[in-house]
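First up is the structure itself, then whatever we jot down about it.
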Amino acid sequence: MMNLNISYYKNQLLSIQRGWAKGRPSNAKPLYILTIFRGLNEDTLLNNRFFSGEPLMSMYYEMCKKHEPNIVAAPFFKPYYHLSSSDFYHIRWKGEDTPRYKWNTPSGKFLRDNGDYAYFDDDLWKLLQDERIRLQFTKELITCYLKHKK
């Protein structure tokens with residue numbers, strides 16, 4: 001069962017729908033996921049709850065600068081919110097005041113005021129507790145989205 005889960009989530013991670021920024025696909029979502037993986041590696045994230053502020057925000061901008069130093073990073077709240085279009089990532093809302101449409105980006109303030117936290121599927125979270133699987137997914141994400149083809 002674990003191998004099926006690994007394959008399923010690898011496919012999910014490598015088929016993230018990306019938006020466009022300045023004529024090229026945006027890597028904000030993959031960079032945000034790599035930020036979460038880094039938080040796990042450094043024991044910054046201890047449970048399956050990702051809040052829309054620090055420390056993830058600073059870590060996200062560091063990740064963007066590391067992998068795309070010549071590109072202005074998308075604001076943190078954009079991948080934080082828009083990754084919820086993926087089947088494995090969800091946002092828990094504080095009440096019934098949720099965005100009406102997934103294609104409109106709510107403001108960072110709206111997310112802080114109305115979003116409780118984001119989280120991965122439980123099965124993905126369990127897989128990510130294994131450092132080897134996390135490293136495998138990290139390498140796959142970097143190869144798929146961040147290695148520039150010549």
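Numbering starts at 1 and runs along the sequence shown.
Here D113 pairs with K109 in a salt bridge; the nearest charged N to carboxylate O distance falls below 4.0 Å. Ion pairing of R38 with E42 is present here, as a side-chain N (NZ or NE/NH1/NH2) and a carboxylate O approach within less than 4.0 Å.
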- Query: Should I142 and H67 be marked as a side chain to side chain contact (heavy atoms under 4.5 Å, CB included) after you check the CA-CA gap, both sets of side-chain angles, and the distance that decides it?
  - Reply: CA-CA 9 Å; I142 290 171; H67 287 284; 3.9 Å; yes
- Task: Dump the intermediate steps for side chain to side chain contact (heavy atoms under 4.5 Å, CB included) on L40 and W125, then the final yes or no.
- Result: CA-CA 10 Å; L40 282 162; W125 182 254; 3.3 Å; yes
- S85 and K29: CA distance, side-chain angles, deciding distance, side chain to side chain donor-acceptor pair (under 3.5 Å) verdict: CA-CA 11 Å; S85 66; K29 289 179 188 177; 3.3 Å; yes
- Query: Can you list the steps and then say if L146 with L34 is a side chain to side chain contact (heavy atoms under 4.5 Å, CB included)?
  - Reply: CA-CA 11 Å; L146 302 172; L34 290 172; 3.6 Å; yes
- Message: Quick one, I33 with F88, criterion side chain to side chain contact (heavy atoms under 4.5 Å, CB included). Give me CA distance, side-chain angles, the key distance, then yes/no.
- Response: CA-CA 11 Å; I33 293 169; F88 60 89; 4.0 Å; yes
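Atoms CD1 and OG1, on I36 and T44 in that order, are 12.0 Å from each other to the nearest 0.5 Å. Taking CE of M59 as the start and OG1 of T35 as the end, the distance is 6.5 Å to the nearest 0.5 Å. In this structure, CD in Q129 is found 8.0 Å from CG in N48, a value given to the nearest 0.5 Å. Annotation: the span from N27 atom CG to L141 atom CG amounts to 10.0 Å, rounded to 0.5 Å. Between the CD atom of Q136 and the OH atom of Y9 there is a distance of 15.0 Å, given to the nearest 0.5 Å. To the nearest 0.5 Å, atoms CG (L83) and CD (Q17) are separated by 11.5 Å.
Between the side chains of K78 and S26, no donor-acceptor pair is found at a separation under 3.5 Å. Remark: the E131 side chain and the N41 side chain contain no N/O donor-acceptor pair separated by less than 3.5 Å.
Pairs passing the salt bridge (Lys or Arg N to Asp or Glu O under 4.0 Å) check and including a residue from residues 83-92, sequence neighbours excluded, do not occur.
At a threshold of 4.5 Å between side-chain heavy atoms, the hydrophobic network of Ile, Leu, Val, Met, Phe, Trp and Tyr places L13 and L45 in one connected group. Under the 4.5 Å side-chain heavy-atom criterion for Ile, Leu, Val, Met, Phe, Trp and Tyr, L56 and I91 are members of the same hydrophobic cluster.
Paired with N5 under the rule side-chain contact (heavy atoms from CB on, under 4.5 Å), one option of D121, L127, L124 passes, and it is L127.
Counting non-hydrogen atoms of neighbouring residues, nucleotides and ligands closer than 6.0 angstrom, the CD atom of E54 exceeds 12 such neighbours.
You'll find the side chain of F137 reaches within 4.5 Å of the side chain of L128, heavy atoms only. Side-chain contact between E140 and C144: absent, with no pair of heavy atoms (C-beta onward) separated by less than 4.5 Å. You'll find the side chain of R24 reaches within 4.5 Å of the side chain of I71, heavy atoms only. No side-chain heavy atom of N114 sits less than 4.5 Å from a side-chain heavy atom of K94.
The two residues Y60 and A28 come nearest to each other via the heavy atoms OH-CB, 3.6 Å. Taking all atoms of both residues into account, the shortest heavy-atom contact from P106 to F110 is CB-CD2, 3.5 Å. Closest of all the heavy-atom pairs between Y145 and S15 is OH-N, 3.4 Å. S52 approaches M57 most closely through the heavy-atom pair O-CE, 3.8 Å. Contact record, Y61 with A73: CD2-CB, 3.9 Å, taken as the closest heavy-atom pair. The two residues W93 and L111 have their closest heavy-atom pair at CH2-CD2, 3.6 Å.
Connectivity analysis of hydrophobic side chains (ILVMFWY, heavy atoms under 4.5 Å, direct or indirect) links L135 to nothing; its cluster partners are none. Taking Ile, Leu, Val, Met, Phe, Trp and Tyr as hydrophobic and joining them when side-chain heavy atoms fall under 4.5 Å apart, one finds Y119 in a cluster with F51, Y117.
For T143 (side chain) and K139 (main-chain N/O), a donor-acceptor pair under 3.5 Å exists by modelled atom type.
Close placement of the F76 and Y32 rings is indicated, their centers lying within 6.0 Å of each other. In this structure, the ring of F50 has its center less than 6.0 angstrom from the ring center of F120.
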